[in-house]
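Chain letters run A, B, ... following the sequence lines, proteins first and then strands; every chain starts at 1.
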Number of protein chains: 2
Amino acid sequence: MTTAQLNTWQDVQSEVLGRIHSRYWKPGDLIPNEADLASEFGCARATVNRALRAVAEAGLLDRKRKAGTRVATNPVRKATLSIPIIRQEIEESNRAYSYGLISSRTAIPPVGVRAQMQLGETTKALYVAALHLADGRPYVSEDRWINIDAVPDILSVDLSLENANEWLVRNAPFTRGDISFSAIQADAKIAEILAARTDDALFVIDRTTWNGNTTITAVRMIFHAGYHMQTTV
Amino acid sequence: MTTAQLNTWQDVQSEVLGRIHSRYWKPGDLIPNEADLASEFGCARATVNRALRAVAEAGLLDRKRKAGTRVATNPVRKATLSIPIIRQEIEESNRAYSYGLISSRTAIPPVGVRAQMQLGETTKALYVAALHLADGRPYVSEDRWINIDAVPDILSVDLSLENANEWLVRNAPFTRGDISFSAIQADAKIAEILAARTDDALFVIDRTTWNGNTTITAVRMIFHAGYHMQTTV
DNA sequence: CAGTGGTCTAGACCACAAG
DNA sequence: TTGTGGTCTAGACCACTGG
């Protein structure tokens, strides 16, 4: 295969992707090393490296020192989904965002939440229930526990005016988060909140965020019936 | 702020993350330019660039030519979830994987699928229904339409022996895919297949994949009741 | 041990966009 | 117009790991 000058790493990347898609390099194949590709493409090795690294991050190549670079046999497609800030998600679809605080109080969390947040049996946390609306219609309900020790300032915030998530995002940076997606059947209570029918299937996101080893908050977001979360690979 | 020599881009990255988390650089702040940081850290500008680019990709910085680099005000957390190959997902949890073909035939797809796949009104496609099991118990049902024009070889594959997804992954590379996650209520038919109860809430992934402008396949995966998809940010 | 990818450097030029 | 990030280069050394 002869190749013209490929000057940018994007050029190299698309050449590489082309060779994979055309099956000129097949799954499992060892491809030439960076130095060889660089001289073939007429560019510097660093440029080839940048391109191959990008393709490897996308999951289409496996790279190992000494062993070389192979076309992935099980191209594990990585979908990057940006965890939406609800307000943005709603406003980007040209609907009016609004927010209602349902309840806010300190209490000892139930055992499940306590375990998830690694809190003691007698440690109180701030419980916040709220509803986000799009064009006045229920969009997602939010059930949140906040670790007061980690974020004491939260107690002085008026959560009927400012949405807890947005306050936390701005004032309580986190280093790590676990996210879980699932489906639940609506019970009478959540059905009423979301204007759904009992037994409707609802999409749920559970998230716990940490700053180092300290839990910041655990939240369950239950979306209105019919919600889809979408992304692209 | 004085800083010792930071020699690797990872060093620079953690210093930068530290300054963001400690709020030494606050959301919205303009941070020094690459050249200044390079001299402060005692490394080359390319090293700083590599570090800042990584942090920006994680969503914590916004970078613009001429305008400089700012700490993101709405740190859009990007969760990368690797779309699982079902067999791997099951085997990694130390359960036995098995697979059953329910049906395989060519037919004209229903209008929704036809639109999604951009097929003509009279174009036939291959329909495959299958069930994946973990330790003999239903794990996920798969309902798939395959564009025969794009992948004619699929017709000569014995899909009772080889799982359609794995065959496609190996033999029909794709350039692009749309994915959607949602929740549905089990009807009698799917409830029976998945050993669930009617009205159970089930987690669903719909995926359409393309090679250039050609649709390869559209698939709906309906997971057993109680399934969680998890990831980390 | 030796080949491969991983990274750093110093310098250079370019593309974009704010003023 | 000009400051900023984006990228390329050529060369160098290092870290990991397969054989």
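Rounded to whole Å, atom P of dG18(D) lies 13 Å from atom CG of Asp62(A). The CG atom of Leu61(B) sits 15 Å away from the C1' atom of dT4(D) (whole-angstrom rounding). The CD-P distance, from Gln13(B) to dT7(C), rounds to 11 Å in whole Å. Between Leu30(B) atom CG and dA18(C) atom P the separation is 13 Å, expressed in whole Å. To the nearest angstrom, C1' of dG5(D) lies 12 Å from CG of Leu37(B). Remark: C1' of dG6(C) and CG of Asp11(B) are 14 Å apart, rounded to the nearest angstrom. Atom CG of Leu52(A) is separated from atom C1' of dT7(C) by 15 Å (rounded to the nearest Å). Atom pair Arg65(B):CZ and dG6(D):C1' shows a separation of 5 Å (rounding to whole Å applied).
Nucleic acid contact class of Asn7(B) (heavy atoms, under 4.0 Å, all strands): sugar-phosphate only. Using a 4.0 Å heavy-atom cutoff across all strands shown, Arg45(B) reaches at least one base atom of the nucleic acid. Residue-level contact check: Ala46(B) touches the bases, meaning some heavy atom is under 4.0 Å from a base atom.
Checking Trp9(A) against Lys64(A), the closest nucleotide of DNA chain D that is more toward the 5' end is the one next to Trp9(A). Taking the nucleotide of DNA chain C with the nearest heavy atom to each of Ala67(A) and Thr47(B), the more 5' of the two is matched to Ala67(A). A residue-by-residue look at Lys66(A) and Ala35(B) shows that Ala35(B) has its nearest nucleotide of DNA chain D further toward the 5' end.
Salt bridge annotation for Glu34(A)-Arg63(A): present, with a cationic side-chain nitrogen under 4.0 angstrom from a carboxylate oxygen. Under a 4.0 Å N-O distance rule, the pair Glu91(A)/Arg87(A) qualifies as a salt bridge. Looking at Glu15(B) and Arg19(B), a side-chain N of the basic residue comes within less than 4.0 Å of a carboxylate O on the acidic one, giving a salt bridge.
Listed nucleotides: dT9(D), dT9(C), dC16(D). Nearest to the side chain of Cys43(B): dT9(C).
The side chain of Asn49(B) contributes an N or O atom lying less than 4.0 Å from OP1 or OP2 of dG6(D). Using a 4.0 Å cut-off, some side-chain N or O of Asn33(A) falls inside it from OP1 or OP2 of dT4(C). At dT7(D), one or more side-chain N or O atoms of Gln10(A) fall inside 4.0 Å of OP1 or OP2 (strictly under the cut-off). Between dT7(C) and Arg50(B), a contact under 4.0 Å exists linking OP1 or OP2 to a side-chain N or O. Look at Arg63(A) and you'll find a side-chain N or O under 4.0 angstrom from OP1 or OP2 of dG6(C).
A donor-acceptor contact shorter than 3.5 Å links the side chain of Asp29(A) to the backbone of Lys26(A).
Ring planes of Tyr139(A) and Phe223(A): perpendicular class, angle over 60° (limits at 30 and 60°).
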